[in-house]
Amino acid sequence: MATSFGPNSRAYCVGGGIASLSAAFFLIRDARIPPANITILEELPVNGGCLDASGDPAIGYVSRGGRMFEEHYVCMYDMLKDVPFASTSALSSRDDIFFFNQDVVSDARCRLVDSGRQKLDDSSYGLSWRHLLAMTRLLLFAKGKTQKKISDYFPDSFFSTVFWRLWTTSFSFQEWSNADELRRYFLRFIQLLPGFNQFLGIQRTRYNQYDALIEPLQNYLRESGVVFQQSTTVEELSFTDEKRLSVNGIRVRRSGSIESIPVSESDAVFVTLGSMVESSTRGSMRQAAPAPSLPGSSWTLWKSISQSVRRAGNPDVFIENVAETEWVSFTVTQSDPAFFELIERITDNKPGTGGLISFVESGWFLSIVLFHQPFYAAQPEDRYVFWGYGLKPHGTGDLIKKRMVDCNGEEILLELLHHLKFDETEAILSYSNCIPTRMPYITSQFQPRSDNARPQPVSSACSNLAFTGQYVELKDDVVFTVEYSVRSAMTAVYNLFDVKKKIPHVYKGQYHPVVLWNAIKALLR
Ligand SMILES: Cc1cc2nc3c(=O)[nH]c(=O)nc-3n(C[C@H](O)[C@H](O)[C@H](O)COP(=O)(O)OP(=O)(O)OC[C@H]3O[C@@H](n4cnc5c(N)ncnc54)[C@H](O)[C@@H]3O)c2cc1C
């Protein structure tokens, strides 16, 4: 695309999640924009978006999620190789992840647990020929069928197989999710299928992803001169009247007042569209997380842009069915190692080496993960933090006869202990602080959608506007990943600024005969 941008161009990145921080990074490294010309506008007082981590030993820690990566996160690693892990160290953030995963190897020995707390045998995925035929049909014919649901392709029996239970708890697909996204996932992660029941090949970060990714990247950008404006909500963009639009202003709200930032034709605006953690709310040990106030500013901003700009997508399809897109996660801070020791005994995994432990008969479809400790860079030695979530938070609990969304931290912990069948309930409650979080849009990116619901990162409709994040269209790659947000930022910057560098290809294991053969063998076993 012909570009009117030059070294004096300014760039505004709306949102302070990994997509915007990556856009700032690629603008500096690859488009050669002076860092001081780049401004990040973030609604909250902290950056990071989904990649959050807050709290302390006294009030309890909270992370809305914990992340799994794998080696083909090529855009993310292309960036992290040039980001120091700490400003005082020569080690890059990428190398820190590689070294950490050499020391703490993922090898889960207890993925699925039944109502009697028995480990389920997951050595066979339990797929029949009918299921395999349905999978083949999906791989061959679901491409582009973004309105179809997974249940349109598979018989009911598929959803109680070991394979589906492993899949749905690992990636959060539901029966009603978009079939084409599942097709993309099967292809993108085909190399993981042989060891999928053990989480082989999964990479994790040393600490939570705020401390391990956001903090180093943000420090690097700040020290380079990038301007951060937090507690600043972008409410609207204004546009010129011409046939080919350009953004000429950004209306922001901060400290209760409205301001307008002028934007010239040679400036660029990068907007992270939508957010899967938008409008999330937090409870406590005694209080359930309050009902979210919907839809929240990222969706409102996208709606307003889509009314002015052609081909800017359709946010409504992602957010109109909260009962289908919500889950509840919870973070538990403990002051005694006893719970971790009990879990280690039943799973045979040291913290950080297991995967999710999923209670497949739980009415809320509960799963927990015991991360490598400390999970927070500043976590004291006598604190232990684990995380869990309920994939079906509108279902009824088995001990607590309520929906998970209506439960406080203590009730969620009691329900979990009921499934774990530990006798030490009172003792565990006495040293645990469980903080629940409601996320109404957490799987919104998997919703069936119309063809044009996701816009391209850059289009000819507007000369100085680009879109990033989980709701843009990127060929072959998969949403609900950090890689997708980083790739969207790279694509947006390279296309808008005409950067003559190649964007790394999405990994395609199906064209590697050994990978393909091993995957087929795994599905048949
Ligand atoms: C629970 C959970 C588990 C996950 N697990 C994995 C995993 O295992 N592996 C993996 O790779 N990925 C995982 N992900 C996905 C990954 O974390 C996200 O895809 C990625 O971090 C999204 O980044 P983003 O910058 O695109 O959007 P976000 O992180 O959503 O950032 C958007 C930002 O924009 C701000 N904002 C919104 N509206 C406005 C406005 N109007 N004005 C100013 N600012 C605004 C928000 O406050 C937010 O900071 C998970 C995510 C969650 C929540």
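Atoms within a ligand are numbered from 1 in the order they appear, just like the ligands themselves.
- Geometrically, ligand 1 and Tyr73 share a nitrogen or oxygen pair separated by less than 3.5 Å.
- In this pair, Phe173 and Trp167 present their aromatic rings tilted. The plane angle is within the 30 to 60° band.
- Looking at Arg206 and Asp96, a side-chain N of the basic residue comes within less than 4.0 Å of a carboxylate O on the acidic one, giving a salt bridge.
- A side-chain contact (heavy atoms from CB on, under 4.5 Å) with Tyr389 is found for one member of Ile368, Val328, Leu356 and no other, namely Leu356.
- Atoms of ligand 1 found under 4.0 Å from any heavy atom of Val277 (numbered from 1 in listed order, with element): 53 (C).
- For ligand 1, the polar-atom distance check finds no N/O of Leu301 at less than 3.5 Å from any of the ligand's N/O atoms.
- Each of the atoms 43 (C), 44 (N) of ligand 1 lies under 4.0 Å from some heavy atom of Leu41.
- A donor-acceptor pair under 3.5 Å is formed between the side chain of Gln470 and the backbone N or O of Thr481.
- Aromatic ring centres of Tyr471 and Tyr484 lie farther apart than the 6.0 Å criterion allows.
- When only interatomic distances are considered, the shortest N/O to N/O separation between Ser20 and ligand 1 does not fall below 3.5 Å.
- Under the 4.0 angstrom criterion for non-hydrogen atoms, Thr232 is in contact with ligand 1.
- Per-residue contacts place Gly66 under 4.0 angstrom from the following atoms of ligand 1 (heavy atoms of the residue considered): 5 (N), 8 (O).
- For Thr272 and Thr468, the side-chain atoms include at least one donor-acceptor pair closer than 3.5 Å.
- Aromatic ring centres of Phe100 and His372 lie closer together than 6.0 Å.
- The residue Val479 has no part lying near ligand 1, judged by heavy-atom distances below 4.0 Å.
- By the 30° and 60° cut-offs, the orientation of the rings of His419 relative to Phe359 is tilted.
- Distance from atom 34 (O) of ligand 1 to its nearest protein heavy atom, with residue and atom name: Gly15 CA, 3.2 Å.
- Protein heavy atom nearest atom 30 (O) of ligand 1, with residue, atom name and distance: Ser275 OG, 2.6 Å.
- Of all protein heavy atoms, the one lying nearest to atom 8 (O) of ligand 1 is Met68 N, 2.8 Å.
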Verdict with reasoning, Gln191 to Glu70, per side chain to side chain donor-acceptor pair (under 3.5 Å): CA-CA 10 Å; Gln191 73 282 10; Glu70 56 84 56; 2.8 Å; yes
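- Looking at heavy atoms from C-beta onward, Val332 lies out of side-chain contact with Trp387 at the 4.5 angstrom threshold.
- Those atoms of ligand 1 that come under 4.0 Å of a heavy atom in Gln470, given as number and element, are 19 (O).
- Relative to atom 23 (O) of ligand 1, the option among Ser485, Gly17, Gly49 with the closest non-hydrogen atom is Ser485.
- Distance alone, capped at 3.5 Å, is enough to place a donor-acceptor pair between the Ser488 side chain and the Gly469 backbone.
- Where the criterion is an N or O separation shorter than 3.5 Å, residue side chain and backbone included, Glu42 meets it with respect to ligand 1.
- No side-chain heavy atom of Ser92 sits less than 4.5 Å from a side-chain heavy atom of Phe85.
- Not a single donor-acceptor pair under 3.5 Å links the side chain of Ser9 to the backbone N or O of Asp267.
- Regarding atom 25 (O) of ligand 1, its nearest protein heavy-atom neighbour is Ala19 N, 2.9 Å.
- When atom types are taken as modelled, the side chain of Asn248 and the backbone of Val263 share no donor-acceptor pair closer than 3.5 angstrom.
- For ligand 1, the atoms lying closer than 4.0 Å to a non-hydrogen atom of Thr233 are 41 (N), 42 (N).
- Under 4.0 Å is where a charged nitrogen must lie from a carboxylate oxygen, and between Lys392 and Glu175 at least one such pair does.
- Between Gly65 and ligand 1, no pair of N/O atoms sits closer than 3.5 Å.
- Between Arg64 and ligand 1, no N or O atom pair is found at a separation short of 3.5 Å.
- Polar contact with ligand 1: present for Arg67 (N/O pair, distance under 3.5 Å).
- The nearest non-hydrogen atom to atom 37 (C) of ligand 1, considering only Ala489, Ser298, Ser172, comes from Ser298.
- Here is the list of ligand 1 atoms found below 4.0 Å of a heavy atom in Phe69: 11 (O).
- Not a single N or O atom of Leu51, backbone or side chain, sits closer than 3.5 Å to an N or O atom of ligand 1.
- Scanning the protein heavy atoms around atom 42 (N) of ligand 1, the nearest turns out to be Val234 N, 2.9 Å.
- A salt bridge links Arg188 with Asp477: the distance from a Lys NZ or Arg NE/NH1/NH2 to an Asp or Glu carboxylate oxygen falls below 4.0 Å.
- Inclusion of Met439 in the set of residues having an N or O under 3.5 Å from an N or O of ligand 1 is not warranted.
- At the shortest separation from atom 18 (C) of ligand 1 among protein heavy atoms lies Cys50 SG, 4.0 Å.
- The pair Asp78-Arg29 counts as a salt bridge, with a side-chain nitrogen and a carboxylate oxygen less than 4.0 angstrom apart.
- Listed by number with element, the atoms of ligand 1 under 4.0 angstrom from any heavy atom of Trp327 are 1 (C).
- Inclusion of Met276 in the set of residues having an N or O under 3.5 Å from an N or O of ligand 1 is not warranted.
- Atom 32 (C) of ligand 1 has as its closest protein heavy atom Thr272 CG2, 4.1 Å.
- The Gly469 neighbourhood of ligand 1 comprises atoms 26 (O), with distances under 4.0 Å to a heavy atom of that residue.
- For atom 39 (C) of ligand 1, the closest non-hydrogen atom on the protein side is Glu43 OE1, 3.9 Å.
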